[in-house]
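Worksheet: the structure to be examined is printed underneath.
Keep in mind that this is a model prediction, so the values were computed, not measured. If you read the sequence from its start, that first residue is 1, and numbering goes on from there.
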Amino acid sequence: MRQRNYAIDIAKILGCILVVMNHTTLALTQFKGQFSWSWVLAVTVFFIVKIGVPMFILATGALVLTRERTYKYSWRHAGKFAILGLLWSYFYWLILTPGHTWWRFDKFLLAAYQSPTAVHLWYLYMLVAFYLMLPFLSKMITQFKQTDYLWFMTGWLLLGSLPLTIQNCGGPALTGWAHLELFTGFIGFFICGQYIRQYGIPRWLGFIMLILGIASATLMTVLFSMHEGEIWLALDNVMTLPSILAAVGMFVVIYGSFTNVHSPIIEHLSKLTFGVYLVHLALVKPVEHIPAIASAIQSAQGIRLLGIQMGMDVIIFAGALLISQMMYLIPGVKKLIS
């Protein structure tokens with residue numbers, strides 16, 4: 001029996017916390033064209049939490065791309081995430097879109113086909129596609145040597161991330177004829193996760209990547225925002241170069257630091273993270289409308305507003321964790337969310 005890698009569990013738990021934090025950005029939107037260190041801190045926090053979803057993808061790549069996967073394995077997992085996607089899309093369609101009646105499945109299916117009914121559910125769409133192409137991708141990866149990984153990730157950065165970053169920062173767009181889809185999507189995170197598992201990256205390099213990614217995204221956002229007189233969010237994309245550097249760097253640091261940790265609590269929390277991801281967005285508005293919190297938000301500024309934002313994150317995460325635990329105790333549901 002293969003020993004469990006608790007570093008991946010810790011990466012999933014941290015990623016889950018950051019995903020929750022990603023959906024409360026009160027302090028970031030406070031910018032009115034005036035520089036303040038509290039707003040710079042809010043921008044820094046904003047880019048730190050962007051690491052959350054890539055951490056999940058890196059962890060999935062490290063766990064799943066270990067060997068060739070069969071069509072049966074692929075279809076079973078793609079089907080699982082497709083069912084989850086439909087169920088949770090319907091749930092969020094009802095609560096986030098006023099005026100819809102529950103029996104209008106035609107409208108719901110059209111809405112779900114066109115785009116995720118809640119902003120965070122895009123991840124389920126991506127997982128369905130990933131698992132459908134897993135038999136092909138896993139056959140390719142199992143033939144990779146270290147050099148193949150390095151050349152692939154070079155293409156991922158130079159043909160995918162770098163042109164997107166240049167374009168988002170106001171530079172020219174790379175011609176679409178050069179956009180090879182193998183390099184320009186989330187596949188790079190999956191493959192990078194497996195590379196880190198197999199070959200590793202030095203922790204010191206991971207620290208440098210993490211700091212460089214967060215610092216460059218923060219600096220560019222602050223400078224461009226001051227120049228434009230409004231919030232500049234061109235780097236709010238996990239496929240831009242600073243986000244990739246920060247996410248991969250964080251995963252490297254965690255993977256290199258906690259591989260030998262053993263804890264049943266960490267293992268159990270890791271199993272609850274997907275449930276937290278699914279349910280947490282439904283709690284954001286109710287928490288914002290708690291009278292004491294709503295009143296504090298209206299009067300707070302700067303560091304105090306950032307503190308309120310983080311306090312909300314704690315409440316939302318704790319509530320989602322409790323709901324996830326209750327869902328986990330239901331036998332049929334447990335298989336879907338773990």
Donor-acceptor pairs under 3.5 Å, side chain of residues 157-176 to any protein atom, not counting sequence neighbours: which ones?
unit_1: Ser161; atom_1: OG; unit_2: Met239; atom_2: O; d: 2.9
unit_1: Ser161; atom_1: OG; unit_2: Leu241; atom_2: N; d: 2.9
unit_1: Thr165; atom_1: OG1; unit_2: Ser161; atom_2: O; d: 2.8
unit_1: Thr165; atom_1: OG1; unit_2: Leu241; atom_2: N; d: 2.8
unit_1: Asn168; atom_1: ND2; unit_2: Ala234; atom_2: O; d: 3.0
unit_1: Thr175; atom_1: OG1; unit_2: Trp177; atom_2: N; d: 3.3

Distance-only check: which donor-acceptor pairs under 3.5 Å involve side-chain atoms of residues 206-222, not counting sequence neighbours?
unit_1: Ser216; atom_1: OG; unit_2: Leu212; atom_2: O; d: 2.8
unit_1: Ser216; atom_1: OG; unit_2: Gly213; atom_2: O; d: 3.1
unit_1: Thr218; atom_1: OG1; unit_2: Ile214; atom_2: O; d: 2.8
unit_1: Thr221; atom_1: OG1; unit_2: Ala217; atom_2: O; d: 2.7

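If you check the side chains of His23 and His120, you find no donor sitting under 3.5 Å from an acceptor. At a cut-off of 3.5 Å, with distance as the only test, no side-chain donor of Gln194 or Tyr149 sits close to an acceptor on the other residue. Defined by atom type and a distance below 3.5 Å, a donor-acceptor pair is missing between the side-chain atoms of Ser138 and Arg67. The closest side-chain donor-acceptor pair between Ser295 and Gln298, if any, does not fall under 3.5 angstrom. Between His262 and Glu267, the side chains place no donor N or O within less than 3.5 Å of an acceptor N or O (distance only, hydrogens not considered).
Side-chain contact check for Phe258 versus Asp9: every heavy-atom pair is 4.5 Å or farther apart. Residues Leu278 and Leu124 meet the side-chain proximity criterion, which asks for heavy atoms closer than 4.5 Å.
Rounding to the nearest 0.5 Å places CZ of Arg197 at 10.5 Å from CZ of Phe251. One distance of note links CZ of Phe144 with CH2 of Trp151; it measures 13.0 Å at 0.5 Å rounding.
For Tyr131 and Trp75, the ring centers sit 6.0 Å or farther from each other. Ring centroids of Tyr125 and Phe81 are separated by 6.0 Å or more, keeping the two rings apart. A centroid separation of 6.0 Å or more is found between the aromatic rings of His77 and Phe130. Phe35 and Trp37 have their aromatic ring centers within a separation under 6.0 angstrom. For Tyr90 and Phe105, the gap between ring centers is short of 6.0 Å.
The same ILVMFWY cluster, assembled from side-chain heavy atoms under 4.5 Å apart, contains both Met310 and Val40. Put simply, Leu65 and Leu127 are part of the same group of oily side chains (I, L, V, M, F, W, Y) that touch within less than 4.5 Å, one to the next. Following chains of ILVMFWY side-chain contacts shorter than 4.5 Å, one can reach Val20 starting from Val119, so the two form part of one hydrophobic cluster. Residues Leu132 and Ile191 fall within the same hydrophobic cluster, defined by Ile, Leu, Val, Met, Phe, Trp and Tyr side chains chained together at heavy-atom separations under 4.5 Å. Ile265 and Ile10 end up in the same hydrophobic cluster when Ile, Leu, Val, Met, Phe, Trp and Tyr side chains are linked at under 4.5 Å.
Applying the 6.0 Å contact sphere to CH2 of Trp122 captures more than 12 heavy atoms from other residues, nucleotides or ligands.
Ring geometry for Trp88 against Phe91 counts as perpendicular: the plane angle is over 60°, on a 0 to 90° scale with 30° as the lower cut. Relative orientation of the Trp93 and Phe108 rings is tilted, given thresholds of 30° and 60° on the angle between their planes.
Among residues two or more places apart in sequence or in another chain, the ring-ring contact (aromatic ring centres under 6.0 Å, His included) test is passed with Phe46 by none.
Annotation: cation-pi pair Lys139/Tyr71 present, NZ/CZ under 6.0 Å from the ring centroid and within 45° of its normal.
Among the candidates Ile141, Leu134, Leu137, the single residue satisfying the side chain to side chain contact (heavy atoms under 4.5 Å, CB included) test with Val64 is Leu134.
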